[in-house]
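Read the structure below first, then the notes.
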Amino acid sequence: DVQLVESGGGLVQPGGSLRLSCAFSGVTDKYYCMAWFRQSTGNEREGIATIFVEDGQTHYSDSVKGRFTISRDVAKSTVYLQMDNLKPEDTAMYYCAAEPVGWVLRCPDEYNYWGQGTQVTVS
């Protein structure tokens, strides 16, 4: 079974930083994408970053580009989200997601496997 476990959320002041981690297992497909999503109260779930695990290619939403960095450590089966210059509007539940893919130029927007989420509060 595919398992995704997020950690690293918490309370941080505006302008501060956090690093989220997502430990993944059970993804046996040759190629796959990992992604970070977030959802705040009253809003739709928003995809904010993706990474093609095979070659490390990344994409970001406009809302986080320049402030957040997604990365992966294949040996540790972990994907990270480094969040810098956090703003109150970044407050949300952050979810890690995985999707098996073929070799892609960019990762998809839709994901089938999800972690439980980790709360980030900027205040």
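- Side-chain contact, Ser63 with Ser61: a donor N or O sits under 3.5 Å from an acceptor N or O.
- The nearest pair of heavy atoms linking Gln119 to Ala92 is NE2-O, 3.3 Å.
- Under the 4.5 Å side-chain heavy-atom criterion for Ile, Leu, Val, Met, Phe, Trp and Tyr, Tyr95 and Ile48 are members of distinct hydrophobic clusters.
- The local environment of CG in Asp109 is sparse, with at most 12 non-hydrogen atoms from other residues, nucleotides or ligands closer than 6.0 Å.
- Remark: of the listed residues Thr121, Leu86, Thr91, Leu86 is the sole one forming a side chain to side chain contact (heavy atoms under 4.5 Å, CB included) with Val12.
- A heavy-atom distance below 4.5 Å is found between the side chains of Pro108 and Cys33.
- Note: Leu18 CG to Asp90 CG = 10.0 Å, rounded to the nearest 0.5 Å.
- More than 12 heavy atoms of other residues, nucleotides or ligands lie within 6.0 Å of CD in Glu89, so this atom counts as buried by the packing criterion.
- Of the inter-residue distances, the one linking Met83 atom CE with Arg67 atom CZ reads 9.5 Å to the nearest 0.5 angstrom.
- To the nearest 0.5 Å, the span separating CG on Asp84 from CZ on Phe68 amounts to 8.5 Å.
- One finds the CE atom of Met93 at 9.0 Å from the OG1 atom of Thr41 (value rounded to the nearest 0.5 Å).
- Remark: the Tyr94 side chain and the Arg38 side chain contain an N/O donor-acceptor pair separated by less than 3.5 Å.
- When each of Tyr113, Tyr111, Tyr32 is checked for a ring pair (Phe, Tyr, Trp, His ring centres under 6.0 Å) with Phe24, only Tyr32 meets the rule.
- Partners of Asp1 according to the side chain to side chain contact (heavy atoms under 4.5 Å, CB included) rule, which considers only residues two or more places apart in sequence or in another chain, do not exist here.
- Scanning for side chain to side chain contact (heavy atoms under 4.5 Å, CB included) contacts around Glu54 gives Tyr31, Phe52, Trp103, with sequence neighbours left out.
- Taking OG1 of Thr78 as the reference point, atom CG of Leu20 lies at 12.5 Å (rounded to 0.5 Å).
- Put simply, the side chain of Ile70 reaches to within 4.5 Å of the side chain of Tyr60, judged on heavy atoms.
- Expressed to the nearest 0.5 Å, how far CZ of Arg72 lies from SG of Cys22 amounts to 14.5 Å.
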